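Down below is the structure, laid out as structure tokens.
Just so you know, ligand 1 is whichever comes first in the structure, and atom 1 is the first atom listed for that ligand. Source: prediction; values computed, not measured.
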Amino acid sequence: MKILTIVGARPQFIKAVLVSKELRKKHKEVLVHTGQHYDRELSEIFFDELGIPEPDYNLGIGSDSHAVQTGKMMIAIEEVLLKEKPDWALVYGDTNSTLAGALAAVKIHIPVAHVEAGPRMFDKNIPEEINRVLTDHICSLLFAPTQTAVDNLKKEGITEGVHLTGDIMLDSFLHFSRVAERKSKILSALGLKRKSYLLATVHRAGNTDNEQDLRSIVDAFLSVDDRIVFPVHPRTEKYLKQYGIYDTLKNAPNMTVIDPVGYLDSIMLTSNARKVLTDSGGLQKEAYFSRVPCITLDETTGWVETVQDGWNTLVASNREKIIEAIKHFQPKGKQRNVFGDGKAAKRMANTLSEFTAYRG
Ligand code: UD1
Ligand code: UDP
């Protein structure tokens, strides 16, 4: 069986690595990188560090408006699909690369499997919500990370092809945490002691593209004494510079502003932080896996279990709420086993194999 995997953005490389490994034991995988992320820190570093095979195709699409980026991706992906004629297309998460891959494939009758189907933020202003909802509605196989995701799909009338696999990011986290312990030098490089700092990441359009919101977050960071390590996504750097607040942030005595880091450094920084401040879906889960309190810089989250369990609090870009949470937020509850057992990759590969055997 031939599976054509489409990835393009940082979290997708992290989600795909162990699934690819499993698939390649039995099947042929063709790996397509859309080129949505292209800076070394957002792309190549993950291939090098995690041992992801070189993509068979890099479409080099790059950054643009949603329609231009998604449209260009669809055109280029369709060409590859027609040439490779895979049995399945496999897409991950909720980026423009996800939607473009799924839509290009399903239109030419290539069935699509979606890893991380079902989480919902219930807000159609969020581009990722549109990508995820549309992708889920055109896929034949839906790998749901949590029971909540399965329930969300059911409410939208999607029950066929849904498999509760557990969260693939838990697989990656468990596997690469051990590697990170051995290889990552980030704590000593930055002079960080365990639990002596907070880790921050910001990149959601809802926070970066609006000056007032980004200023409010930065203001909160500058109003506390805690040391804050902040690997800055290029989207955020662009807007911080545009709003004229990048230098103030970088030079503030409590801030350690750095370039985006690789995955091994990211999980070391997360698991050793006192608290995590983030609008990243992936970081919210990794904080939970590490049993580190998470302060989410968003009004809503697809990972509601982390909030229900008391390990995550939603403060949006509200300066006062951020400061209050930095000072006082403490987890209240026990963690349930909601993200599975770290064997999602195996389950997905087995399901794809069984499905094909069944169809003949
Ligand atoms: C994208 C995804 C988001 C995901 C995030 C992971 C969409 C709509 N958004 O957001 O769901 O959480 O990736 O990090 O698909 N840029 C660079 N270098 C790069 C890539 C981007 O400088 O290698 C800058 C460009 O100025 C670009 C901006 O970042 O315009 C945004 O990039 P884009 O890929 O459109 O969205 P992300 O914010 O990265
Ligand atoms: N991450 C990373 N380097 C960084 C920041 C994040 O490797 O500088 C990792 C992080 O550990 C998580 C993933 O990137 O596994 C999350 O991706 P991102 O925040 O870009 O997107 P999201 O999860 O919000 O879609």
Side-chain angles (χ1 to χ4, degrees), residues 7-17 33-46 49-50 60-70 72-73 91-101 116 119 121 125-132 134-135 145 167-173 175-177 180 184 186 199-209 229-242 257-271 273 276 278-290 292 296-298 301-303:
V7 290
R10 170 167 74 184
Q12 295 170 327
F13 311 135
I14 294 163
K15 288 166 195 171
V17 54
H33 186 331
T34 62
Q36 176 168 353
H37 283 175
Y38 43 86
D39 286 350
R40 180 174 158 71
E41 297 84 26
L42 262 69
S43 175
E44 203 183 324
I45 189 167
F46 297 96
E49 231 182 36
L50 310 183
I61 303 298
S63 310
D64 219 312
S65 69
H66 285 284
V68 173
Q69 188 184 52
T70 311
K72 277 185 179 170
M73 283 178 192
V91 298
Y92 289 84
D94 59 5
T95 74
N96 288 348
S97 298
T98 315
L99 179 62
E116 226 183 51
M121 298 177 88
N125 288 312
I126 302 170
E128 290 83 0
E129 179 81 349
I130 309 279
N131 290 339
R132 212 190 284 267
L134 294 180
T135 301
D167 197 302
I168 190 61
M169 291 203 73
L170 180 58
D171 291 36
S172 293
F173 177 81
H175 181 89
F176 289 106
S177 287
S184 170
I186 191 80
L199 174 67
T201 80
V202 180
H203 77 281
R204 288 267 157 248
N207 280 330
T208 59
D209 301 18
V229 178
F230 187 5
V232 182
H233 189 289
R235 172 188 208 107
T236 315
E237 183 174 328
K238 182 174 81 180
Y239 283 106
L240 285 168
K241 286 183 174 162
Q242 195 173 304
V257 173
I258 55 175
D259 285 339
V261 294
Y263 183 54
L264 302 182
D265 287 345
S266 180
I267 50 186
M268 276 309 270
L269 284 173
T270 304
S271 53
V276 166
T278 193
D279 59 9
S280 156
L283 249 294
Q284 289 175 54
K285 287 189 282 182
E286 285 159 3
Y288 182 87
F289 302 155
S290 311
V292 171
T296 293
L297 308 168
D298 210 336
T301 178
W303 309 106

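Of the possible donor and acceptor atoms, one in the side chain of Glu129 sits under 3.5 Å from a partner among the backbone N and O of Met121. Checked by atom type and distance alone, the side chain of Asp39 never pairs as donor or acceptor with a backbone atom of Glu41 at under 3.5 Å. A distance-only check finds no donor-acceptor pair linking the side chain of Asp265 to the backbone of Ser184 [under 3.5 Å]. Looking only at distances, no side-chain donor or acceptor of Glu286 sits under 3.5 Å from a matching main-chain atom of Phe173. A donor-acceptor pair is defined here as one N or O able to donate and one able to accept, closer than 3.5 Å; no such pair exists between the side chain of Arg10 and the backbone of Phe46. Looking only at distances, no side-chain donor or acceptor of Glu116 sits under 3.5 Å from a matching main-chain atom of Asp167. Not one N or O on the side chain of Thr135 forms a donor-acceptor pair closer than 3.5 Å with the backbone of Arg132.
At a threshold of 4.5 Å between non-hydrogen side-chain atoms, the residues Leu199 and Pro231 count as touching.
Regarding atom 15 (O) of ligand 2, its nearest protein heavy-atom neighbour is Glu286 OE2, 2.5 Å. Of all protein heavy atoms, the one lying nearest to atom 1 (N) of ligand 2 is Ser266 OG, 3.4 Å. The shortest contact between atom 25 (O) of ligand 2 and any protein heavy atom is with Pro11 CG, 3.6 Å. The protein heavy atom nearest to atom 24 (O) of ligand 2 is Arg204 NH2, 2.6 Å.
Atoms of ligand 2 found under 4.0 Å from any heavy atom of Gly262, numbered from 1 in the order shown, are 7 (O). The atoms of ligand 2 that sit less than 4.0 Å from any heavy atom of Val261 are 2 (C), 3 (N), 4 (C), 7 (O), 8 (O). Numbered from 1 in the order shown, with element, the atoms of ligand 2 that lie under 4.0 Å from a heavy atom of Met169 read 15 (O). With ligand atoms numbered from 1 in the order given, ligand 2 contributes 7 (O), 11 (O), 15 (O) to contacts under 4.0 Å with heavy atoms of Tyr263. Of all atoms in ligand 2, numbered sequentially from 1 with element shown, those under 4.0 Å from a heavy atom of Pro231 are 8 (O). Which parts of ligand 2 touch Phe46 is read off a 4.0 Å heavy-atom cut-off, strictly below it: atoms 7 (O). Ligand-side atoms of ligand 2 in range of Pro260: 8 (O), range being under 4.0 angstrom from any heavy atom.
In this structure, His233 and His37 have perpendicular ring planes: the angle between them is above 60°, well past the 30° mark.
When each of Asp64, Ile61, Ile130, Thr70 is paired with Asn96, the side chain to side chain contact (heavy atoms under 4.5 Å, CB included) condition holds for Thr70 and for no other.
Defined by atom type and a distance below 3.5 Å, a donor-acceptor pair is missing between the side-chain atoms of Thr208 and Thr236. Judged by distance alone, the side chains of Gln12 and Thr98 do bring a donor and an acceptor atom under 3.5 Å apart.
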Protein N/O near ligand 1 N/O, under 3.5 Å, which pairs?
residue  : atom   : partner : partner atom : Å
ligand 1 : 11 (O) : Glu128  : OE2          : 2.6
ligand 1 : 12 (O) : His203  : NE2          : 2.8
ligand 1 : 13 (O) : His37   : NE2          : 3.3
ligand 1 : 14 (O) : His233  : NE2          : 3.3
ligand 1 : 15 (O) : Gln36   : NE2          : 2.9
ligand 1 : 15 (O) : Asn96   : N            : 2.8
ligand 1 : 18 (N) : Tyr38   : OH           : 3.4
ligand 1 : 18 (N) : Asp39   : OD2          : 3.0
ligand 1 : 23 (O) : Tyr38   : N            : 2.8
ligand 1 : 23 (O) : Asp39   : N            : 2.9
ligand 1 : 26 (O) : Lys238  : NZ           : 3.3
ligand 1 : 34 (O) : Gln36   : NE2          : 3.1
ligand 1 : 36 (O) : Arg235  : NH1          : 3.4
ligand 1 : 38 (O) : Arg235  : NH1          : 2.8
ligand 1 : 39 (O) : His37   : NE2          : 2.7
ligand 1 : 39 (O) : His233  : NE2          : 3.2

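Proximity of Ser280 to ligand 2, defined as any heavy-atom pair under 4.0 Å, is shared by backbone and side chain alike. Heavy atoms of Ile14 found under 4.0 angstrom from ligand 2 belong exclusively to the side chain.
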### Task
Could you walk me through whether Ser63 and Tyr38 pass the side chain to side chain donor-acceptor pair (under 3.5 Å) test, one step at a time?
CA-CA 9 Å; Ser63 310; Tyr38 43 86; 2.7 Å; yes

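The two residues Ala180 and Leu264 have their closest heavy-atom pair at CB-O, 3.5 Å.
Remark: ligand 2 and Gly281 share an N or O pair separated by less than 3.5 Å (distance only, no angle test). Ligand 2 has a nitrogen or oxygen under 3.5 angstrom from a nitrogen or oxygen of Gly282. Geometrically, ligand 2 and Thr201 share no nitrogen or oxygen pair separated by less than 3.5 Å. At under 3.5 Å, not a single nitrogen or oxygen of Ile267, backbone or side chain, sits near a nitrogen or oxygen of ligand 2.
The closest approach between His233 and ligand 2 stays at or above 4.0 Å for every heavy atom of the residue.
One option in Glu41, Arg10, His37, Gln12 has a heavy atom closer to atom 5 (C) of ligand 2 than any other, and that option is Arg10.
Distance check, rounded to the nearest 0.5 Å: CG of Leu283 to OG1 of Thr296 gives 9.0 Å.
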